[in-house]
Amino acid sequence: MTGNASDILHLYDGYLFGAHDVHYYSCDCPMLKYGGWWDACCRSPCGLTMPYNDPTYPFGWNCNAETTIKLMSVKMMVRRECFDCACVSGHKSVSGVYEITNPVTNNPILVECVMKDGYGYTVILQRHDGSVDFNRTYAEYQDGFGSPFTEMWLGNRYFNYLTSSWSSRLFIELKYSDASFRYVDYSDVIVSSASSQYTLSRVYLMTGNASDMLRSYENHPFGTHDLDPSGCGCPMLKYGGWWDGCCSDTCGLTMPYNDPTYPFGWDCTAETTVKLTSVKMMTTR
């Protein structure tokens, strides 16, 4: 519980709801004689369903703290916790940045949600101007960095949760210097847990008008400059973080944004004159 009032509700944890005509304990408490609540055998002589103006069995929350100052009104509300943008899409239809609960830490976080084709996509990776340095440690890629308002990597722990809890589509949207858009859409992708070094353990059934580059990294663990599982010393891990394919590519989505030697890109052989300028990698269920 958080808040600035007493944690009274916890007293009733595990108890059945009762009223004056139906109750499940032999306590005959005022809280059930004059209202309805979760029967806790007279834990409190006041309650939120008690008579509004009865000094003997008063309407109240915390009787001990409400001796001189009386409770005047109450609203008890339930908020549905969302752990991803697929959940957010159930009550929001506009793309944007929303607050959800991180299922790994149970803390609130801001994520970008893209609403398209009836689905809510959670953005995992976003780059468009080079404002965020992607040459990060393994721990930083694990926990995430950046901001949904600029550039970001949401975090491998969260990526693992999103793709291992249910069948997950992965959509990668690519924008190029000639203003053209390309995309790849994978019908199912799985990123394994930390104990498996966030291995890209499944890449299934791609559609789209860009090259199927992700498949070459299937069954490879995630690596960075400070934790290189294969020991190949590849540029893709020296300057960014990705699934280590032992130098199968010289460009990548986490490579330096304006480096002609080890460039930010998707398909190096196809991007010699037209350059990748932005990317969004996002998943839904």
Side-chain angles (χ1 to χ4, degrees), residues 123-146 150-160 162-163 170-177 182-184 186 189-194 196-204 206 208 210-283:
V123 175
I124 301 294
L125 162 68
Q126 174 171 257
R127 298 188 77 187
H128 55 85
D129 61 7
S131 59
V132 172
D133 182 8
F134 274 70
N135 189 10
R136 302 292 186 119
T137 64
Y138 191 85
E140 287 176 298
Y141 270 98
Q142 177 173 260
D143 295 331
F145 56 86
T150 55
E151 298 187 327
M152 47 76 69
W153 181 270
L154 192 55
N156 287 338
R157 289 202 297 170
Y158 192 20
F159 203 0
N160 161 245
L162 290 175
T163 61
L170 185 72
F171 189 92
I172 303 176
E173 181 182 81
L174 308 157
K175 184 179 179 181
Y176 288 86
S177 54
R182 299 173 199 169
Y183 74 95
V184 287
Y186 296 91
V189 166
I190 297 175
V191 174
S192 297
S193 65
S196 299
Q197 297 178 304
Y198 302 109
T199 292
L200 188 60
S201 56
R202 181 172 171 84
V203 179
Y204 183 69
M206 187 216 92
S211 303
D212 183 9
M213 304 305 295
L214 198 64
R215 193 172 304 278
S216 62
Y217 308 114
E218 188 172 19
N219 295 319
H220 286 283
F222 194 90
T224 54
H225 66 83
D226 64 330
L227 203 163
D228 183 349
S230 65
C232 299
C234 298
M236 192 174 283
L237 303 194
K238 282 175 124 178
Y239 302 105
W242 201 250
W243 292 274
D244 185 7
C246 266
C247 313
S248 59
D249 223 334
T250 54
C251 66
L253 297 183
T254 61
M255 297 285 269
Y257 193 81
N258 290 308
D259 188 325
T261 308
Y262 305 115
F264 167 63
W266 176 248
D267 181 358
C268 305
T269 57
E271 295 166 7
T272 53
T273 55
V274 179
K275 303 298 183 184
L276 182 66
T277 57
S278 71
V279 63
K280 277 188 183 180
M281 185 167 75
M282 44 197 168
T283 184

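Here the structure is a predicted model, which means the values were calculated and not measured.
- To the nearest 0.5 Å, atoms CG (N135) and CD (E140) are separated by 9.5 Å.
- Listed for the T224 side chain is no donor-acceptor partner under 3.5 Å among the backbone atoms of L237.
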Please step through side chain to side chain contact (heavy atoms under 4.5 Å, CB included) for the pair V279 and L125, ending with a clear verdict. CA-CA 7 Å; V279 63; L125 162 68; 4.3 Å; yes
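- In this structure, T277 and Y257 have side chains that are in contact, with non-hydrogen atoms separated by less than 4.5 Å.
- Side-chain N or O atoms of Y141 include one that pairs as donor or acceptor with a backbone N or O of F134 at under 3.5 Å.
- Contact detail for H220 and W243: the closest heavy-atom pair is O-CD1, 3.3 Å.
- In this structure, D228 contributes its side chain and G223 its backbone to no donor-acceptor pair below 3.5 Å.
- Of all the heavy atoms in I172 and M281, the pair that sits closest is CG1-CG, 3.7 Å.
- Inspection of the Y158 and D143 side chains reveals no N or O donor paired with an N or O acceptor under 3.5 Å.
- Not one N or O on the side chain of Q126 forms a donor-acceptor pair closer than 3.5 Å with the backbone of E151.
- With hydrogens and angles ignored, the 3.5 Å screen pairs no side-chain donor or acceptor of Y262 with any backbone N or O of G252.
- The distance from the OG1 atom of T254 to the CH2 atom of W153 is 6.5 Å, given to the nearest 0.5 Å.
- The minimum heavy-atom distance linking S216 with M213 is given by the pair OG-O, 2.8 Å.
- Across all non-hydrogen atoms, the minimal contact from P263 to M255 is O-CB, 3.4 Å.
- With hydrogens and angles ignored, the 3.5 Å screen pairs no side-chain donor or acceptor of R157 with any backbone N or O of S193.
- Side-chain N or O atoms of S192 include none that pairs as donor or acceptor with a backbone N or O of S201 at under 3.5 Å.
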Please step through side chain to side chain contact (heavy atoms under 4.5 Å, CB included) for the pair N219 and L200, ending with a clear verdict. CA-CA 5 Å; N219 295 319; L200 188 60; over 6 Å; no
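- In this structure, F222 and Q197 have side chains that are not in contact, with every pair of non-hydrogen atoms separated by 4.5 Å or more.
- Listed by first then second residue, pairs satisfying salt bridge (Lys or Arg N to Asp or Glu O under 4.0 Å) with a partner in residues 258-278 number zero, not counting sequence neighbours.
- To the nearest 0.5 Å, atom CZ of residue R136 and atom NE2 of residue H225 are 9.5 Å apart.
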Can Y176 and R182 be said to form a side chain to side chain contact (heavy atoms under 4.5 Å, CB included), step by step? CA-CA 8 Å; Y176 288 86; R182 299 173 199 169; 3.6 Å; yes
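- The shortest non-hydrogen separation linking S230 to C232 is OG-SG, 3.1 Å.
- Closest non-hydrogen pair, V203 versus V189, comes out as CA-CG2, 4.4 Å.
- For the pair H128 (side chain) and K280 (backbone), a donor-acceptor distance under 3.5 Å is absent.
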Apply ring pair (Phe, Tyr, Trp, His ring centres under 6.0 Å) to residues W242 and Y138 and explain how you reach the verdict. CA-CA 10 Å; W242 201 250; Y138 191 85; over 10 Å; no
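- From T150, atom OG1 reaches atom CZ of R127 across 11.5 Å, with rounding to the nearest 0.5 Å.
- In this structure, CE in M206 is found 8.0 Å from CZ in R215, a value given to the nearest 0.5 Å.
- From L170, atom CG reaches atom CZ of R202 across 13.0 Å, with rounding to the nearest 0.5 Å.
- Proximity of a side-chain donor or acceptor of S196 to a complementary backbone N or O of T199 within less than 3.5 Å is not detected.
- If you look at F159 and Y198, their ring centroids are not closer than 6.0 Å.
- Taking 4.5 Å as the limit, some side-chain heavy atom of T283 sits within range of a side-chain heavy atom of I124.
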With side chain to side chain contact (heavy atoms under 4.5 Å, CB included) as the criterion, how do L253 and W266 come out once you've worked through the C-alpha distance, each side chain's angles and the decisive distance to 0.1 Å? CA-CA 6 Å; L253 297 183; W266 176 248; 3.7 Å; yes
